[in-house]
Amino acid sequence: MKNRVLSVIEKRLGKKVVLEKPKDKKFGHYATPVAFSMAKELRKPPFEIAKELCEKLKSEEIFAEVEPLKGYINFRLSEDFLDSYATAVLKNPERIISPIGNEKILLEFVSANPTGPLHIGHARGAVIGDALYRMGKALGYEIKREYYINDHGSQVYKLGLSIYLAGRESMGHEVTWPEGCYRGEYVYDLARDAMETLGRDHFVDESSVSRLAEWGKDRMMELIVRDLEKVGIYFDSFVSEKSLYDMWPKVRTVLEEREALYEKDSKIWLRSTRFGDEKDRVVVREDGRPTYLAGDIIYHYQKFKRSFDRYINIWGADHHGYIARVKAAIEFLGFDSSKLEIVLAQMVSLLKGSEPFKMSKRAGNYILMSDVVEEIGKDALRFMFLSKKSDTHLEFDVETLKQQDASNPVYYINYAHARVYSLFEKAGAEFGDVIEVELKNMNEEAKDLLFSALLLPEVVEEAFLKREANRVTDYLKALAAQFHRFYNENRVLGSQKERELMKLFATVAVSINKGLELLGIEAKKRM
RNA sequence: GUCCCGGUAGCUCAGCAGGAUAGAGCAUCGGAUUCCUAAUCCGAAGGUCGGAGGUUCGAAUCCUCUCCGGGACACCA
C-alpha cells in the first residue's frame, strides 16, 4: 500500500520523496516532510512549498485529503482506495504479503552444542530465527534453515565422561569430577538410560567413554530436535562438524594458495589480521589437531559453495568477537564476506522473584526451554522473545512469565481476534459473506482502523529487512488496542452499518491472524 | 586496555538513514457493564531522553569527549 502511495506521489512530483507515518493519527495516514528539504534550494519557506505541492497532488483519486501543515504534507487515503485493499485481503488472505524477495538465503540458527538440553538463552535465537524464516518466506525469499552440530571437539568427549562418572556415582562408586564436566541432572538421566540400553559394562572403566560420548550426543540431538518441534521450529538440514573434516585438506590447500596460512611455533595460523581481525588465529595446533575455527572455515567454505545469495547466522552475542575471523577466512577462500550477515542475540537475564540468576549450561544451573514452554506455552514464549530487539539485553521475571492474565500481550491480541469471530458466529456469517460489501461513509475511526489493519505487509517487510521481528509484535499490539477501543465505542450487530463494520472487523482479524502466524503464534478464535 | 550492546516515565521497553506537543505496556489512582466476551474501554498522574560540548532552520536521533551497567577479548566449542 505504501509503495503504491509513494509511487503516485513521486510520479506526480517527479522526484524522490520520503513517506512516513505521522506521529499523531489526526494528521492523516501518511505524511512527507519533502518541503523542508526543498526549502533550501528554492529559497522559500517550507510551508509555502508544501502548499504548492498540495495543489498538484489533490487531484489524485487515491487521496481523500491532501493538506499542508507547518511544512508537512499530510495525506488521507480515500475510502474507495482502502476498501479495494480490504476486498483484496478478504478474497485472498493467504496472499496479503506480496512477494518482494528474489534472493536465496541460508539461515543458520540455534546450532546449540549437543551436550545438553536447550536452555532459555538458546530459545531466543531459535525463536528469532524461526520468525525471520517465516517472514522471509512470506515475502518470497527462498530460505533454507540449517543447524550446525558441533559434534567434534572435546566437549563431546566431556559429555561421555560425565555420563560415565554419573553412572559410576549412582552405582555407589566414589568419583571425582574434573573441571568442565556437565553436572546437570540430565547427565544422570542419560547415565541411567545408557545402563539400560547399552549395558552396565560401559561403566567399568574409561575405555568406553568415547562410545558413551557418541551415544549421548545423539541422544541430546534427538532431545533438542524434539524440544524445538514443540515450539514449532524445524530445520531443512543439519550439518555435522565432524563430517566436515574430510574436506580439510582441500580447504587448507585453497587457503595456502592464497597465502592465508603461515607456520609459527609449530602451529598453523590464519592471517586474519589482513581483513581486520585484531590478531591472527591458530587453526592447527602443535599436535596437528585442527581448532574449532578450522571447522568453521570448512563449514563456511561448504556453505558458500552452495551458492546462496545471502547467509544469515544467528549467534549468541558472546560470539561477536568471532565475526571478524570468520569473515576473514571467507575472504581468503575467495568469497564475498559481505554476503554473510550475523544477527546477534544478546543475553537473556532471568529474574526469579527479584533475585537475578545467571545461567550456565556447564554447571547445570539453568532454565530449560522446555520447562518454560510447559509453564507459559510456546506462544507466550515466542512473543516474549520476539517483542524485543535481538541485540539488546532482555530481562524478565520468570514469575511474570508464569502468569496467564491480561498483562500478557498474547492474550490481549488474541482476544481482539476472538471477538471478531464470536461476532461473526453470533451473526451467523462468515468472512466470505462480506467481501463484496462496499464501504461508504464510514466514520473516521473506522477508516483509521481499516488503514491500520492494512499496514501489515509494509510492517512485515520492514521487520524482515531490518531483522526486527519486534516491529510486528508492536504493530499487533497497537492494532489490537485500536480494535478494542473501536469495539467498545461502536455497536455492530443491529446497527445500520452492520455489514460494513463486519467487513472492517474481518479485515482486522485476517491481519492479526497472519501477523501472528508469521511469528509462529496461533491465533485463537475463541478464548 | 581494546571491541560490542545498552542508559528515555516507578518497572520493562519503543522511537534514533535529524523533523510536528518524546510514546506504549505494566504498576498506581479515579471512572465505565439492563447492549456483539469488562480477559475490554475511558481518564489522571508520571520525563533535566546518563552528562558536557559540537554540527543546523531543527538533535532522544548525527559527531567528539565523558560517566554508569552488561558482555566479549582461547591453541573451549
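Residue numbers start from 1 in every chain, and the chains themselves are labelled A, B, ... in the order their sequence lines are given, proteins ahead of strands.
- Non-hydrogen atoms lying under 4.0 Å from RNA chain B are contributed by Val282(A), Arg285(A), all within residues 280-290 of chain A.
- For Tyr475(A), there are no ring-ring contact (aromatic ring centres under 6.0 Å, His included) partners two or more places apart in sequence or in a different chain.
- Note on Arg491(A): a base of the nucleic acid sits closer than 4.0 angstrom, heavy atoms only.
- Using the Watson-Crick or G-U wobble rule with both distances under 3.5 Å, G6(B) pairs with C68(B).
- At a non-hydrogen distance threshold of 4.0 Å, Val492(A), Leu493(A) from residues 492-508 of chain A come into contact with RNA chain B.
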Worksheet item: Which nucleotides of nucleotides 6-11 of chain B have their base under 4.0 Å from a protein heavy atom (B), which only their sugar-phosphate (S), and which neither (-), written as one string 5' to 3'?
Response: S-----
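- The ring-ring contact (aromatic ring centres under 6.0 Å, His included) test applied to Phe75(A) returns Phe63(A), not counting sequence neighbours.
- Screening residues 279-294 of chain A for salt bridge (Lys or Arg N to Asp or Glu O under 4.0 Å), with sequence neighbours left out, gives Asp277(A)-Arg281(A), Asp287(A)-Arg289(A).
- Geometric assessment of Arg467(A) against the ring of Phe464(A) yields a positive cation-pi assignment under the 6.0 Å and 45° thresholds.
- Classification of Arg219(A) and Glu222(A) as a salt-bridged pair holds, one side-chain N sitting under 4.0 Å from a carboxylate O.
- Donor-acceptor pairing under 3.5 Å, judged by distance alone, is present between the side chain of Asn74(A) and the base of A20(B).
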Polar atom pairs (N or O), protein with nucleotides 42-45 of chain B, under 3.5 Å:
unit_1, atom_1, unit_2, atom_2, d
C42(B), OP1, Arg485(A), NE, 2.4

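- Nearest-nucleotide assignment on RNA chain B puts the 5′-proximal partner with Lys477(A), out of Lys477(A) and Gly321(A).
- Identified under the salt bridge (Lys or Arg N to Asp or Glu O under 4.0 Å) test for residues 116-126 of chain A, with sequence neighbours left out: none.
- Scanning for salt bridge (charged side-chain N to carboxylate O under 4.0 Å, His left out) contacts around Glu458(A) gives an empty result, with sequence neighbours left out.
- Among the heavy atoms of the strands, none lies under 4.0 Å from Glu20(A).
- Across all strands, Ala31(A) comes closer than 4.0 Å to base atoms (heavy-atom distances).
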Discussion item. For Phe275(A) and Phe332(A): C-alpha separation, side-chain torsions, deciding distance, then whether ring pair (Phe, Tyr, Trp, His ring centres under 6.0 Å) applies.
Written reply: CA-CA 9 Å; Phe275(A) 291 103; Phe332(A) 276 123; 5.0 Å; yes
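- The pair Lys503(A)-Glu500(A) does not count as a salt bridge, with every side-chain nitrogen at least 4.0 angstrom from each carboxylate oxygen.
- Checked against ring-ring contact (aromatic ring centres under 6.0 Å, His included), Tyr299(A) has the following partners two or more places apart in sequence or in another chain: Tyr148(A).
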Item to complete: Would you please test Thr115(A) and Gln155(A) for side chain to side chain donor-acceptor pair (under 3.5 Å) and show each step?
Response: CA-CA 7 Å; Thr115(A) 52; Gln155(A) 87 279 7; 5.9 Å; no
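- Evaluation of the ring-ring contact (aromatic ring centres under 6.0 Å, His included) rule for Tyr147(A) yields Phe235(A), Phe238(A) as partners, not counting sequence neighbours.
- Partners of Asp151(A) by side chain to side chain donor-acceptor pair (under 3.5 Å), not counting sequence neighbours, listed by chain and number: Ser240(A).
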